[in-house]
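Have a look at the structure below, then the notes.
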Amino acid sequence: MAYWLFKSEPSTWSWDQQVAKGDAGEEWDGVRNYQARNFMREMKLGDRGFFYHSQKEKSVVGIVEVCAEAHPDSTTDDPRWECVDIKAIRRFTEPVSLNDIKAEEALAEMVLVKNSRLSVQPVTEAEWRKICALGQTEPD
DNA sequence: GCCAACGTTGGC
DNA sequence: GCCAACGTTGGC
């Protein structure tokens, strides 16, 4: 199983909206970046991801699961763009802020730190476990 | 609100 | 195929 991070501006699509979709999940649509799309193409059913709020909050707020593999993005006719569906699994007991992450030497190589603009990105298992620990939340 | 970083576009 | 110009994102 692989681990990922999904970034969203809460004013556009928030954790609460994701939770409201329940187990049916929702398309992670609107991605118009090849790198991000390619990562979504690599995702398998059951892969886990962090849900990160950008902008004002800048925190990992919960865990999601891939519930549909890559398919055409319904928000565009352009066949280049695909997306996966994700569903909320659980909220972090404590949100883990970007500051918290930057303060951890073990997390210094995270894509979130190195390339803050990439909206869909891979997370290593070590990073996954570390951030779950910081969030006082079960990793699986 | 600013600006750095990055990606994309289009002219040559 | 290069690169300048431009647009967007997101942290500060």
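Below, read A as the first sequence line, B as the second, and so on, with proteins coming before strands; counting in each chain starts at 1.
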(message) I'd like to know whether CG of A:Asp77 has more than 12 heavy-atom contacts from other residues, nucleotides or ligands below 6.0 angstrom.
(response) no
(request) For A:Glu105, look at atom CD and say whether over 12 heavy atoms of other residues, nucleotides or ligands are found less than 6.0 Å away. (result) no
(request) Please step through ring pair (Phe, Tyr, Trp, His ring centres under 6.0 Å) for the pair A:Trp4 and A:Phe51, ending with a clear verdict. (result) CA-CA 9 Å; A:Trp4 309 95; A:Phe51 194 105; over 10 Å; no
(request) First locate atom CD of A:Glu69, then atom SG of A:Cys83, and finally report the distance between them rounded to the nearest 0.5 Å. (result) 12.5 Å
(request) Anything under 4.0 Å to a heavy atom of chain A counts; send over the first and last such nucleotide of DNA chain C, read 5' to 3'. (result) C:dG7 to C:dC12
(request) With heavy atoms under 4.0 Å as the rule, sort A:Leu118 into base, sugar-phosphate or nothing. (result) nothing
(message) Mind checking if A:Lys102 touches a base, just sugar-phosphate, or nothing, with heavy atoms under 4.0 Å?
(response) sugar-phosphate
(request) Examine A:Leu98 and A:Leu5 and state if one hydrophobic cluster contains both, with Ile, Leu, Val, Met, Phe, Trp and Tyr joined whenever side-chain heavy atoms are less than 4.5 Å apart. (result) yes
